[in-house]
Amino acid sequence: MKNLDIKIATPFVLLTFFTFLSFGNSISTINKPLFSNTIQDSIRILSLNLTQFMALEATGAIVLDTRSSDEFIAGYIPKSIHIGWKGPFKTWVPKILMNKQQPIICIADQSSIKQVSETLIELGYTQVLGYLHGGVDVYKKQYFLNTVDQVDAVTYYDLSTKSQIIDVRSEKEFAEGHIDNAMNFPLKDLGNFNINLPENKNYYVQCLSGYRSMIAISILKSKGVENVMNIKGGYQALKKIKEEK
């Protein structure tokens with residue numbers, strides 16, 4: 001395996017980056033890209049090989065992983081942001097990726113990349129530079145994937161009191177009921193927080209049922225907070241266990 005701290009020569013990176021951008025400022029206006037799969041007649045999204053993908057990431061493009069939460073948990077590209085396509089994707093993308101000129105490269109199932117790209121264009125993102133052809137299966141042949149640890153609600157209640165819950169539901173949801181020892185970091189604000197959490201604790205992330213917590217974990221890990229875990233079933237499962245005790 002290659003070291004994840006990849007050093008790519010600046011001239012090569014910039015040449016690659018501007019080569020891609022020379023074909024247009026958005027995938028909606030790209031007519032004849034060098035490397036592309038046709039998504040539909042009016043839209044072409046670049047199909048990136050691993051070298052191209054890594055070069056774009058090195059210039060600052062955000063890796064947006066739109067696979068399912070289960071797939072993301074099992075293995076994801078370090079520092080990628082997870083917003084699952086099978087969920088309220090259109091609701092959360094603008095709240096998490098607020099800069100619509102931010103370059104984006106996608107990880108998506110082949111069956112959904114057309115819809116993902118169309119939706120990003122519809123939402124106003126102008127720098128969707130392509131997707132990794134072959135996805136994480138191609139990436140893991142040369143580099144290590146990260147994984148997400150998770151526990152069920154019963155296991156969480158059996159853990160030490162040194163653990164801390166990060167509840168990423170809204171302020172209103174939190175006020176209506178929450179688990180003792182929970183900190184409320186609403187997901188809509190999490191990307192803008194300056195995260196400064198003590199390293200001597202494990203942090204267990206929960207939302208209502210699981211969709212938002214996985215987005216939050218990807219954000220926290222991208223900011224360097226590694227000791228975070230997902231609580232399966234979220235607040236619904238925790239509340240049920242608490243009521244039964």
Side-chain angles (χ1 to χ4, degrees), residues 62-76 79-98 107-109 112 115-116 119-120 123 146-197 201-223 225-245:
I62 287 178
V63 179
L64 175 61
D65 191 325
T66 66
R67 298 173 301 151
S68 70
S69 295
D70 287 343
E71 289 172 307
F72 187 79
I73 287 168
Y76 66 92
K79 297 189 179 299
S80 55
I81 300 300
H82 171 69
I83 307 177
W85 171 249
K86 294 181 179 179
F89 183 80
K90 290 179 69 173
T91 297
W92 284 106
V93 168
K95 293 179 180 180
I96 303 302
L97 305 179
M98 299 182 69
I107 300 294
D109 297 329
S112 65
Q115 295 166 297
V116 168
T119 300
L120 289 171
L123 292 172
N146 284 359
T147 58
V148 177
D149 293 327
Q150 59 177 349
V151 298
D152 57 34
V154 174
T155 302
Y156 171 78
Y157 272 112
D158 291 337
L159 295 173
S160 166
T161 56
K162 291 182 180 179
S163 60
Q164 173 75 62
I165 286 184
I166 295 176
D167 187 328
V168 298
R169 295 176 301 149
S170 68
E171 296 96 331
K172 180 180 178 180
E173 289 174 292
F174 188 80
E176 291 174 348
H178 58 268
I179 299 300
D180 296 340
N181 192 38
M183 298 185 297
N184 186 212
F185 288 176
L187 178 58
K188 65 182 179 64
D189 301 322
L190 195 61
N192 299 318
F193 284 173
N194 291 321
I195 306 297
N196 185 21
L197 297 172
K201 284 188 177 183
N202 289 323
Y203 297 94
Y204 295 85
V205 183
Q206 54 101 163
C207 57
L208 182 63
S209 60
Y211 184 85
R212 286 175 287 178
S213 65
M214 200 54 56
I215 299 174
I217 286 173
S218 73
I219 293 171
L220 289 167
K221 284 184 173 283
S222 74
K223 291 176 176 288
V225 183
E226 293 295 337
N227 49 333
V228 291
M229 285 170 260
N230 185 53
I231 299 177
K232 289 190 284 186
Y235 179 69
Q236 290 178 332
L238 288 169
K239 182 181 178 183
K240 181 178 179 180
I241 297 298
K242 184 177 180 180
E243 290 172 348
E244 290 173 352
K245 283 185 174 292

- T91: side chain to side chain contact (heavy atoms under 4.5 Å, CB included) partners, not counting sequence neighbours: P88, K95
- Euclidean distance, L190 CG relative to L220 CG, rounded to 0.5 Å: 5.0 Å
- Item | With sequence neighbours excluded, residues passing side chain to side chain contact (heavy atoms under 4.5 Å, CB included) with I62 | I81, L97, Q102
- side chain to side chain contact (heavy atoms under 4.5 Å, CB included) filter on M98, not counting sequence neighbours, yields N192
- Message: Testing the basics here: between A182 and D167, what is the closest heavy-atom pair and its distance to 0.1 Å?
- Response: CB-CB, 4.4 Å
- Rounded to the nearest 0.5 Å, what separation is found between the CD1 atom of I107 and the OG atom of S80? 7.0 Å
- Query: Nearest heavy-atom pair of I241 and Y157: which atoms, and what distance?
  - Reply: CG2-CD1, 3.5 Å
- Message: Can you tell me how far apart CE (M183) and CZ (F174) are? Round to the nearest 0.5 Å.
- Response: 9.5 Å
- Sidechain-backbone polar pair: H82 side chain, D65 backbone, donor-acceptor under 3.5 Å: yes
- Nearest heavy-atom pair of S213 and G210: which atoms, and what distance? OG-O, 3.0 Å
- Query: Has the side chain of Q164 got a donor or acceptor atom that lies under 3.5 Å from a matching backbone atom of N181?
  - Reply: yes
- Flag, side chain of E173 to backbone of S170, donor-acceptor distance under 3.5 Å: yes
- Message: Just to verify, which of N227, V151, D149 counts as forming a side-chain contact (heavy atoms from CB on, under 4.5 Å) with N202?
- Response: N227
- Message: My understanding is that only one of V168, V225, V205, I166 makes a side-chain contact (heavy atoms from CB on, under 4.5 Å) with I217; could you say which?
- Response: V205
- What pairs with K221 under side chain to side chain donor-acceptor pair (under 3.5 Å), at least two apart in sequence or on another chain? E226
- Message: Parallel, tilted or perpendicular: which one describes the rings of F89 and W85, with boundaries at 30° and 60°?
- Response: perpendicular
- Message: For R169, is there an ion pair with E176 - N to carboxylate O distance below 4.0 angstrom?
- Response: no
- Item | Taking every non-hydrogen atom, the tightest pair across N184 and E171 | OD1-CA, 3.6 Å
- Any chance you could measure L238, atom CG, to Y204, atom OH, to the nearest 0.5 Å? 12.0 Å
- Determine yes or no for a side-chain-to-main-chain donor-acceptor pair under 3.5 angstrom, with Y211 supplying the side chain and K86 the backbone. no
- Query: Listed by chain and number, what are the side chain to side chain donor-acceptor pair (under 3.5 Å) partners of T155, not counting sequence neighbours?
  - Reply: D152
If you look only at distance, which donor and acceptor atoms sit under 3.5 Å apart when one is on a side chain in residues 68-75 and the other is two or more places apart or in another chain?
| unit_1 | atom_1 | unit_2 | atom_2 | d |
| --- | --- | --- | --- | --- |
| S68 | OG | E71 | N | 3.2 |
| S68 | OG | E71 | OE1 | 3.1 |
| E71 | OE1 | S68 | N | 3.0 |

- Query: How long is the span from the CD1 atom in I215 to the CD1 atom in I96, to the nearest 0.5 Å?
  - Reply: 5.5 Å
- Rounded to the nearest 0.5 Å, what separation is found between the OH atom of Y76 and the OG atom of S222? 9.0 Å
